[in-house]
Structures are given as structure tokens and as C-alpha cells.
A.B. asks: 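One structure, pasted below without further comment.
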Amino acid sequence: MQVARNKQKVSYAKYGYIFIAPFFIAYAFFMIYPLINTIILSFKGNGSTVDDWVGFQNFQYLLFGGETRAADAIHSKFVSSLGNTVILWAGNFVVQILLSLLFAVWFSDNRIKVKGTGFFKVVMYLPNIITATSVAAMFLMLFGNSKYGAINSLLLNLGWISEPLKFVNNVWSSRVLVMLIQSWMWFGNTMILLLSGIYGIDASIYEAAEIDGSSGANTFFRITMPILKPIFIYVVITSMIGGLQMFDIPYLLHEGTTIRPSLETTAVFIYGQFHQQSPNYGYSAAASVILFVITAVLGLIIYKTNTEPSAPRAKKHKFETRR
């Protein structure tokens, strides 16, 4: 009877694999295949020699330059794009994380009891769902180089300046604009993540700290931040990945058809090599692979240096068997 009952049982585990199969098929087609194809393309030539196998030559030219003037020029441009990427990401991340922590702690503090927190959360998260094209167009209208830009028009009418300021053409003012835009667009998302972590902390811990006479700053640095460490690491890694792949705002924030050299991130460099009049597919693919490796290595370093080591394994004691 027991054998008959076992035969009547139906295993539903296979249906779970059937339901998740479309995701893995789509992921393999749209992510893994392009990645493999990009790696292969990075070892090939450029322009008319795109089918020729050149080995690590593209990587050499990008990272170290070469004997020709063209190789040195592409090396200089690529290194400059890496520097721009780091500057723009670091600048916007500092502002973003400070604002997110400030508002997350402020909204979650029961002693302050801010009214209308739900409304403020929605308003602060809204920039995250606005398209980058719309945001870039709005800031170009505000900070345009001509006298018709909103900020320039206001300053001219007040008599504070005699000529329009070149916000977009200046190296550091354009970089600051990108940093502010990125911070404004993403700090709401970061704030929601940190708020979810703070709300998950047991309220009795804060009550005990308050009874012991702990100050607000001491409670934040000794209780809140250590408990928020896993979420904070997640925010840093995801922000770093997004920052290294920054493309839309730096690419769109310019007047005319010329991209500002000070805003040419690595992603913009890759796009430019691929879509110029004489495409350099090998350089574009090699730069993509380098960016992928940098992102993976930095992510691993951040994760390893900010996570506690696992508990040591129990030592295995060998016991001699008596015969």
C-alpha cells in the first residue's frame, strides 16, 4: 500500500523551473550573448579591419598608448573619460548619501514626528522616475549659456552680472551641474532604501539607548549606522555600478552637437567610438570589457572590506580509534 501511495504523489518542482525558464532564456539572449560577443569583438580590429584578429592590441592602445599618434590620442581620451567618470560619480554620491541619510533619520525619528512624511517621500522619489532626457532639457533651459537661460536672465535683470555666464561650457560648472542632477534624481531612491532599514531596527534598542542617556549623534553612529551596514554596502555598490556606467545626463547636457570633453564619461566614450563616422568597434568593445572588469573588481573590494568575516569553522579533532 505504501508503494502505491508514493506512486500517486506528483512532484510539482519541475513546474517552478518551467515558470522561471523565460527569464533565464531572455537573460541569456539579451545579456550573456552580447557580453560574449563584446569580448570577442574586443580582440578584433577597427574600421575596415574589423574582421582581423589583433589580440590585446586594443587594450594596449587604450591603457598604455602606442607608437603612433592615433594610439596615443585614443589612450589620452580613454584615460580622461575614466577620470571624468570617477569625478562625476564621487561628487554626486557624496551629496546623495548625505541628503539620504539626513532625511531618512529625520523622517524616522519619533522625537521629531515630522508631519506629512508620506507626501515628502513621494515628492523626493519623483525625480527618480522622470526620464533623463526631460531632466537634461529642463536644466539646459535653466542654466543655458545665452541670456535667455532662466538663471542668466534672472541675474541680468537683477544687475548682478553684465554678461551671461557659461554654465555648460565651463569645465567645473558643467561637472557640478551633472553632480547636482544625479544627486537630485537618485537621493530619493537611496533615502527609501535607508528608511526601510531604519524601520526594521527594533524600537526597544532605541528606547534602551534613550534610557541610558545616549545622545542623538551617539545613537546614530553606535546603533543606527552599524545595523544599516548591509544596506549601506548595497547602496554603495549599486551607486558605483550606476556611476561607472553614467551616460545619459553627461551625454545630453551640452548645447549644439559637440559633447563637452569634461563630461565625456567612459560610457559616452564607448558610444562615441561606436557611432562616429568611421566606427572603432574594437576600441569600443575593449573599453566596455575594461569598464566591466573595473566595476567587478571595485564591487568585490567594497564588499570584502565592508563585511565582517564569517565565523571561524570549528576545528576537526582527530580521535584515535582503539582496536
A.B. asks: Counting heavy atoms not belonging to Phe247, are there more than 12 under 6.0 Å from its CZ?
C.D. replies: yes
A.B. asks: Is Val235 linked to Ile301 within one hydrophobic cluster, defined over Ile, Leu, Val, Met, Phe, Trp and Tyr using a side-chain heavy-atom separation of less than 4.5 Å?
C.D. replies: yes
A.B. asks: Which heavy-atom pair separates Val178 from Pro250 by the least distance, and what is that distance?
C.D. replies: CG1-CG, 4.2 Å
A.B. asks: Ignoring hydrogens and angles, state whether a donor on the side chain of Tyr206 or Thr224 is under 3.5 Å from an acceptor on the partner side chain.
C.D. replies: yes
A.B. asks: Gln182 versus Leu88: any side-chain heavy-atom pair under 4.5 Å?
C.D. replies: no
A.B. asks: Can you name the closest pair of heavy atoms from Gln245 and Ala267 and give their distance?
C.D. replies: O-CB, 3.8 Å
A.B. asks: Within a radius of less than 6.0 Å around CH2 of Trp53, do more than 12 heavy atoms belonging to other residues, nucleotides or ligands occur?
C.D. replies: yes
A.B. asks: Are Ile97 and Ile302 connected into the same hydrophobic cluster when the rule is that any two of I, L, V, M, F, W, Y join if their side-chain heavy atoms are below 4.5 Å apart?
C.D. replies: yes
A.B. asks: Verify whether one side chain among Thr85 and Thr266 offers a donor that lies under 3.5 Å from an acceptor in the other.
C.D. replies: yes
A.B. asks: Enter the distance from Asn152:CG to Leu154:CG here, rounded to the nearest 0.5 Å.
C.D. replies: 9.5 Å
A.B. asks: Could you give the distance from OG1 (Thr265) to CD1 (Ile249), rounded to the nearest 0.5 Å?
C.D. replies: 11.0 Å
A.B. asks: Check whether any side-chain N or O of Arg260 sits under 3.5 Å from a backbone N or O of Val171 as a donor-acceptor pair, and report yes or no.
C.D. replies: no
A.B. asks: Please determine whether side chain to side chain contact (heavy atoms under 4.5 Å, CB included) holds for the pair Val95 and Met179, giving the CA-CA distance in whole Å, both sets of side-chain angles, and the decisive distance to 0.1 Å.
C.D. replies: CA-CA 8 Å; Val95 176; Met179 295 174 191; over 6 Å; no
A.B. asks: Can you check whether Phe43 reaches Asn58 side chain to side chain, under 4.5 Å on heavy atoms?
C.D. replies: no
A.B. asks: Measure the CZ-OH distance between Phe24 and Tyr17 for me, rounded to the nearest 0.5 Å.
C.D. replies: 9.5 Å
A.B. asks: Spell out, as yes or no, whether a donor-acceptor pair under 3.5 Å connects the side chain of Asn84 to the backbone of Glu264.
C.D. replies: yes
A.B. asks: Run the side chain to side chain contact (heavy atoms under 4.5 Å, CB included) check on Leu82 and Phe269 step by step: do they pass?
C.D. replies: CA-CA 9 Å; Leu82 283 176; Phe269 169 85; over 6 Å; no
A.B. asks: Does one hydrophobic cluster hold both Leu244 and Leu63, with members joined at side-chain heavy-atom distances below 4.5 Å?
C.D. replies: yes
A.B. asks: Would you check if the side chain of Ser108 reaches a backbone N or O of Ile198 as a donor-acceptor pair within less than 3.5 Å?
C.D. replies: no
A.B. asks: I need the Tyr33 OH to Thr38 OG1 distance, nearest 0.5 Å.
C.D. replies: 9.5 Å
A.B. asks: Please tell me if the side chains of Leu180 and Phe143 come closer than 4.5 Å, counting only heavy atoms from C-beta onward.
C.D. replies: no
A.B. asks: How many angstroms lie between CD1 in Ile231 and CE in Met225, if you round to the nearest 0.5 Å?
C.D. replies: 11.0 Å
A.B. asks: Parallel, tilted or perpendicular: which one describes the rings of Trp106 and Phe103, with boundaries at 30° and 60°?
C.D. replies: tilted
A.B. asks: So Glu210 and Thr219, do their side chains get closer than 4.5 Å, heavy atoms only?
C.D. replies: no
A.B. asks: Relative to the ring of Phe56, is the ring of Phe59 parallel (under 30°), tilted (30 to 60°) or perpendicular (over 60°)?
C.D. replies: tilted
A.B. asks: Write down the atom of Ala104, the atom of Leu194, and the distance for their closest heavy-atom approach.
C.D. replies: CB-CB, 4.0 Å
A.B. asks: So for atom CE, which belongs to Met141, do other residues, nucleotides or ligands contribute more than 12 heavy atoms lying within a distance under 6.0 Å?
C.D. replies: no
A.B. asks: Tell me whether Ser81 contacts the main-chain N or O of Phe78 through its side chain, where contact means a donor paired with an acceptor under 3.5 Å.
C.D. replies: yes
A.B. asks: Does Ser284 reach the main-chain N or O of Asn280 with its side chain, forming a donor-acceptor pair under 3.5 Å?
C.D. replies: no
A.B. asks: Within the side chain of Asn92, is there an N or O that forms a donor-acceptor pair under 3.5 Å with the backbone of Trp89?
C.D. replies: yes
A.B. asks: So, for Ile130 and Met185, which heavy atoms are closest and what is the spacing to 0.1 Å?
C.D. replies: O-CE, 3.9 Å
A.B. asks: Can you check whether Ala150's main-chain N or O pairs, donor with acceptor, with Ser153's side chain at less than 3.5 Å?
C.D. replies: no
A.B. asks: Is the shortest heavy-atom distance from the side chain of Tyr283 to the side chain of Lys77 under 4.5 Å?
C.D. replies: no
A.B. asks: Between Leu252 and Leu140, does the side chain to side chain contact (heavy atoms under 4.5 Å, CB included) criterion hold? Intermediate values first, please.
C.D. replies: CA-CA 9 Å; Leu252 295 169; Leu140 279 175; over 6 Å; no
A.B. asks: Within the 4.5 Å heavy-atom criterion, are Asn145 and Lys166 side-chain neighbours or not?
C.D. replies: yes
A.B. asks: Would you sort out whether Leu99 and Met124 count as a side chain to side chain contact (heavy atoms under 4.5 Å, CB included), showing the intermediate values?
C.D. replies: CA-CA 11 Å; Leu99 285 175; Met124 292 176 181; over 6 Å; no
A.B. asks: Would you check if the side chain of Ser196 reaches a backbone N or O of Leu193 as a donor-acceptor pair within less than 3.5 Å?
C.D. replies: yes
A.B. asks: Between atom CD of Gln57 and atom CG of Leu62, what is the distance when rounded to the nearest 0.5 Å?
C.D. replies: 10.5 Å
A.B. asks: If Ile, Leu, Val, Met, Phe, Trp and Tyr residues are connected whenever their side-chain heavy atoms lie under 4.5 Å apart, and connections chain through other members, are Met191 and Tyr125 in the same group?
C.D. replies: yes
A.B. asks: Please find the pair of heavy atoms, one from Ser174 and one from Ser262, that lie closest to each other, and give the distance.
C.D. replies: OG-OG, 3.4 Å
A.B. asks: Test of understanding: clusters of I, L, V, M, F, W, Y form through side-chain heavy atoms closer than 4.5 Å, transitively. Do Ile290 and Val293 belong to the same one?
C.D. replies: yes
A.B. asks: Can you find a pair of side-chain heavy atoms, one from Ser100 and one from Phe187, that are under 4.5 Å apart?
C.D. replies: yes
A.B. asks: Is Arg175 close to Leu263 at the side-chain level, that is, under 4.5 Å between some pair of heavy atoms?
C.D. replies: yes
A.B. asks: Closest approach of Val123 and Pro127, non-hydrogen atoms and distance?
C.D. replies: O-CD, 3.3 Å
